[in-house]
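Atom set for the values below is all heavy atoms of this structure, side chains included, hydrogens, waters and symmetry mates excluded. Reminder, nothing fancy here: chain letters follow the sequence lines and each chain counts from 1.
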Protein chains: 2
Amino acid sequence: MTSDRLQDSGLAREIEFLNARARSIGSALANELLQAHGLRVRSYSVLALACGGLRPTQRQLAEFLRLDPSQIVALVDELEAAGLVRREPDPSDRRSKVIVATESGESTYAQARIETARAEDAALAALTPAERTVLRELMTKIAFTPLGED
Amino acid sequence: MTSDRLQDSGLAREIEFLNARARSIGSALANELLQAHGLRVRSYSVLALACGGLRPTQRQLAEFLRLDPSQIVALVDELEAAGLVRREPDPSDRRSKVIVATESGESTYAQARIETARAEDAALAALTPAERTVLRELMTKIAFTPLGED
DNA sequence: TATTGTTATACTCTATAACTATA
DNA sequence: TATAGTTATAGAGTATAACAATA
């Protein structure tokens, strides 16, 4: 790579930069592999949480995915139009709607999951299995770090 | 957090998701702190590479930051209009332009660097110094993993 | 009063293609 | 023929505010 020498910059030691670059690589690949199933990274994430009986409300999806509630509306609309999820009334709060995967949604998710596993494997090719485990643990900690007002 | 139970989902174990969430937290904070200097994460990154005598071409910036060359044009335009960088002719190739920070740019970068260090410290609050070192090493590996055609 | 989902709007970021000047 | 920078355009992602129904 002709830009290799830029790794001598201070920027190359900033986590924020490394994270942005890793995510650019990872999401480009994941989006490419997911498009065979009519999904992108964000819609896949919503679908994944709608599967397995978790029954999240839209508000919980927004918080967990760090997306604005209005974005969840659009993503659920899209998945619902494709017949992959349903909005169900929340018995405990009539304001809320619970998002549930249809049979087709569960099946699509199962297939798409294979693609994201492939993408992850490619993105982490430079790491040993032990290193991958460590990375996952550290990333989990920072992904769920409360930031003062969070 | 009312969505905590969604950590039981398979999604919560996917690196791509953890990365997206960590980056959302990190870049929101970094953008907030950088705005006092008239910068955002992307313009800061270009400025950082223009500092310290690295003399990157626009093409090298594009490759290193994984941005399209046309995006570099806009970012350099913006930094140039603010008097923070200059385009200089590349003696070895008249097609290329070398991006160099002005004195004002070096000074702005030095101040902005303090903010990104604060943002990083907040984002990594849950990790020990040793864990931060490990994370940086692992992230460096995956951020510079060649992906087949890359 | 506060919260859930919704609509609307604007802005930032990303992706592509085509053009020019140089190599 | 290929590459560096540029322009243009469209689409995806992000951020904010306001509203109706419900708590």
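- Per the geometry, CG belonging to B/D68 stands 11 Å off P belonging to C/dA17, to the nearest Å.
- When rounded to the nearest whole Å, the span between CG of B/D93 and P of D/dA2 equals 17 Å.
- Checked for salt-bridge contact, B/R132 and B/E120 miss the test: no charged N lies under 4.0 Å from a carboxylate O.
- Residues B/E16 and B/R21 are not paired through a salt bridge, judged by the lack of any N-O separation under 4.0 Å between the basic side chain and the carboxylate.
- Nearest to the side-chain atoms of B/R94 among the listed nucleotides C/dA23, D/dT6, C/dT6 stands C/dA23.
- When the side-chain nitrogen and oxygen atoms of B/R95 are compared with OP1 and OP2 of D/dA2, none of them lie within a distance under 4.0 Å.
- Side-chain atoms of A/R86 never come within 3.5 Å of backbone atoms of A/I99 as a donor-acceptor pair (strictly under, hydrogens ignored).
- Close to C/dT3, at under 4.0 Å from its OP1 or OP2, lies no side-chain N or O of A/R59.
- Listed pair A/R40 / D/dG13 meets the phosphate criterion, a side-chain N or O lying under 4.0 Å from OP1 or OP2.
- A salt bridge links B/R113 with A/E14: the distance from a Lys NZ or Arg NE/NH1/NH2 to an Asp or Glu carboxylate oxygen falls below 4.0 Å.
- Rounded to a whole Å, the CG atom of A/L75 is 14 Å from the P atom of C/dT7.
- At the phosphate of D/dT6, OP1 or OP2 sits under 4.0 Å from a side-chain N or O atom of B/Q58.
- For D/dG13, one of the phosphate oxygens OP1 or OP2 lies less than 4.0 angstrom from a side-chain nitrogen or oxygen of A/R42.
- Within the 4.0 Å cut-off from OP1 or OP2 of C/dC13, not a single side-chain nitrogen or oxygen of A/R23 is found.
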